[in-house]
Amino acid sequence: MAQRAHGANENMTPENSGGYDFVVVSNRLPVDHVIADDGSSTWQHSPGGLVTALEPVMRAADGAWVGWAGQPDLEFKPFVSDGIHIVPVTLSSDEVENYYEGFSNDTLWPLYHDVIAPPSYHREWWESYVLVNQRFADAAAAVSAAGAVVWVQDYQLQLVPKMLRTARPDLTIGFFNHIPFPPYGIYSQLPWRTQIVEGLLGADVIGFQRVADASNFSRAVRRLVGYVTKNPYIEVPGTEVPASEPNDQGQRQPPRRVLAKAFPISIDSSSFEELARRPEIQARAKEIRDGLGNPKTIMLGVDRLDYTKGIGHRLKAYGELLAEGRLDVEDVTLVQVASPSRERVQAYMQLRDEIELTVGRINGDFATMSHTAISYHHHGYPREEMVALYLAADVMLVTALRDGMNLVAKEYVASRFDGNGVLVLSEFAGASDELRRSLRINPHDIDGVKDAMIQAIEMPQLEQQRRMRAMRKLVLRNDVNQWSADFLSALRGSKNGDSVKDSEDPLGELEWTIERIRRH
Ligand code: G6P
C-alpha cells in the first residue's frame with residue numbers, strides 16, 4: 001500500500017526558511033495525513049498523476065509545496081518530507097464539503113468533462129471556493145521569495161493566479177489545468193464564468209493538456225472579457241487607477257501578454273520501465289496470470305472510480321461479446337482496478353452501485369467454476385503491483401468519455417519494454433493526440449469498442465510490436481521532466497526583458513535545475 005513519508009517530522013517553518021524560489025500550489029499535498037482505526041496517524045504519499053509528475057522536479061529544485069493534507073480541521077506546521085518542504089493549508093469540514101466535494105467536484109469537474117454528469121450550481125459552494133482559493137494564495141505569497149516562481153495546479157485553484165498577482169506582483173506565476181477546458185457552449189453555463197477566466201488570466205503562462213483546451217479557453221476570454229487573442233497569446237490590458245483614488249497604487253496593473261498553450265503532461269517513464277525490468281516484478285506478473293487460471297488473454301482496465309472513465313461502456317461491450325459467443329470466458333479475463341474516489345459525492349456513490357451491479361451480473365451470467373469473467377478490485381495499489389499488472393495484461397482498455405490526459409495509457413506503454421501488448425484508447429482522452437498507434441475508439445460506439453477488443457486480442461505479435469515501439473519512443477522521450485522543463489522554459493520566456501539580474505534570477509536558477517534533470 002502507500003508508503004510512509006520519510007523524515008516527516010523534520011521542522012521547517014516559513015520563518016526559518018527565508019522564502020522559496022520555487023513554489024508549487026495544489027489542492028492536495030504530495031503526502032496525505034492518514035488516521036488509522038486505532039487513532040494513530042501517519043503521513044503517506046498520496047496517489048495521483050499530479051504528485052508523480054511534480055515530485056522529482058520539487059526534489060531537484062529544493063522548492064516548497066503548498067496544499068491540503070487530505071483531512072478536515074487539522075492544523076499542521078510546515079515540515080520536510082523526502083526532501084520536499086511541505087506547507088499544509090487547513091480546510092474545515094464545511095470547506096471540504098463546499099469547496100472540495102461541492103464546487104470542485106460537483107460543479108467544475110462535471111462541467112469541464114462535457115457535462116457527462118449534471119453539474120450543480122450553488123452560491124454557497126462558490127463563496128467557499130473563493131474563500132479557500134484566497135487561503136491558498138495567501139499561504140503561497142507568505143512562503144515565496146522575492147521574484148519567485150509559483151506554479152499553481154488544476155481546477156480547484158483557478159482564482160489563485162489573480163489573487164497572487166494582486167498580493168505579489170513580483171512573482172512569476174504559472175497555472176496548469178490537468179483536466180479538459182470545455183467548449184464555450186458548455187463553459188458558459190457557469191454562473192461565475194467571468195470570475196474564473198479573470199482568475200486564470202492572473203498567470204503569465206496558462207498550460208492545458210490539448211490544443212483544443214487552449215483554444216476553448218481563448219474563445220471564452222474573447223466572449224467574456226473581449227481581450228485580443230493572437231494564438232497562443234492573450235493581450236491583457238492594464239488597469240488604470242481611477243482619478244478619485246490617486247493613492248491606490250495596489251490596484252494598478254500594467255498591460256501583460258499571457259501565454260495560453262498546450263503542454264501535454266506525462267509520466268516518469270524510465271522509472272516504469274526500470275520497475276518492469278526487475279525480475280521480481282516479472283515474477284509477480286506471472287503469478288497474477290497463474291492466479292487467473294492462465295487465460296489466453298488478459299484485458300485490463302485501471303481507473304479512479306469516476307463517471308468520466310467510461311467503465312460502464314467498457315463492461316457493456318465486454319458483456320455483449322461474451323453473450324454473443326465472440327469471446328469465451330475460458331479464454332479471456334478482464335481485470336478491472338477501480339480505485340476509490342470522492343466517495344461522499346452522490347454521483348460517485350451511484351456510479352459505484354451501477355458498476356458493481358454490472359460486474360456482478362456479468363460474472364453471474366458467464367463465470368465458470370474455474371474462470372472468472374471480471375476480476376474486480378475496488379482498491380488502489382502501489383506502483384510495483386501496477387507495473388506487474390501492466391506486464392500481465394495483453395490488452396489495456398482506456399475508454400474514457402472525457403479525460404484531460406490519462407496517464408494510465410502512458411504508464412502501460414512505458415512498462416511494455418518487451419514491445420508486446422495492445423492499447424485500446426479513447427479518442428476523448430488527451431493521450432490519444434500523442435498515442436496515435438493505439439487502437440483508437442469512440443467509447444460511445446459500443447460496436448466499435450467490441451470490434452477493437454477483438455482486433456486487439458487477435459493482433460499478430462509483429463503488429464503489436466510495431467505499434468508499441470512507436471508509442472514507446474514517444475512516451476520515453478516526452479516524459480514528465482520534459483513536460484516541466486517545457487512549461488518552466490515558457491514561464492522563463494514570458495519574463496524575458498524584465499530587469500532582473502541573472503545571478504539573482506530564480507527562474508534562471510530553476511531552468512538550470514530542469515536542464516540538469518533533463519540530461520539525466
Ligand atoms: C484528477 C485531478 C487531480 C486530482 C485527482 C484525484 O487527476 O486532475 O487534481 O488530485 O484527480 O482526485 P482527488 O479529488 O482525490 O484529489
Original post:
Parallel, tilted or perpendicular for Tyr381 and His379, by the 30°/60° rule?
Top reply: perpendicular
Original post:
Taking atom types as modelled and ignoring hydrogens, do the side chains of Ser92 and Asp94 form a donor-acceptor contact shorter than 3.5 angstrom?
Top reply: no
**OP:** Measure the CZ-OH distance between Arg344 and Tyr100 for me, rounded to the nearest 0.5 Å.
**Re:** 9.5 Å
Original post:
Taking the six-membered ring for Trp, are the ring centroids of Trp192 and Phe103 within less than 6.0 Å of each other?
Top reply: yes
**OP:** Please report the C-alpha distance between Trp125 and Asp106 in whole Å, then the side-chain angles of each, then the deciding distance to 0.1 Å, and finally whether the side-chain hydrogen bond (donor to acceptor under 3.5 Å, both in side chains) criterion is met.
**Re:** CA-CA 10 Å; Trp125 290 2; Asp106 208 10; over 6 Å; no
**OP:** Could you tell me whether the side chain of His113 reaches within less than 4.5 Å of the side chain of Asp306, counting heavy atoms only?
**Re:** no
**OP:** Kindly assign one of parallel, tilted or perpendicular to the pair Phe181 and Phe208, based on the angle between their ring planes and the thresholds 30° and 60°.
**Re:** perpendicular
Original post:
With side chains defined as the heavy atoms from C-beta onward, is the minimum distance between Leu29 and Trp68 less than 4.5 Å?
Top reply: no
Original post:
Taking atom types as modelled, is there a side-chain donor on Asn177 or Tyr155 under 3.5 Å from an acceptor on the other?
Top reply: no
Subject >> Phe217 side chain reached by Ile234 side chain, heavy atoms, under 4.5 Å >> reply: yes
Original post:
How about Phe272 and Tyr412: are their ring centroids closer than 6.0 Å?
Top reply: no
Original post:
Angle class for the Phe176/Phe487 ring planes (parallel below 30°, perpendicular above 60°, tilted otherwise)?
Top reply: perpendicular
**OP:** Please collect all side-chain hydrogen bond (donor to acceptor under 3.5 Å, both in side chains) contacts where either partner lies in residues 213-222, sequence neighbours excluded, each pair once.
**Re:** Arg222-Thr229
Subject >> CZ on Arg342 to CZ on Arg304, rounded to 0.5 Å >> reply: 4.0 Å
Original post:
Can you list the residues that meet the salt bridge (Lys or Arg N to Asp or Glu O under 4.0 Å) rule with Asp170, with sequence neighbours excluded?
Top reply: Arg168
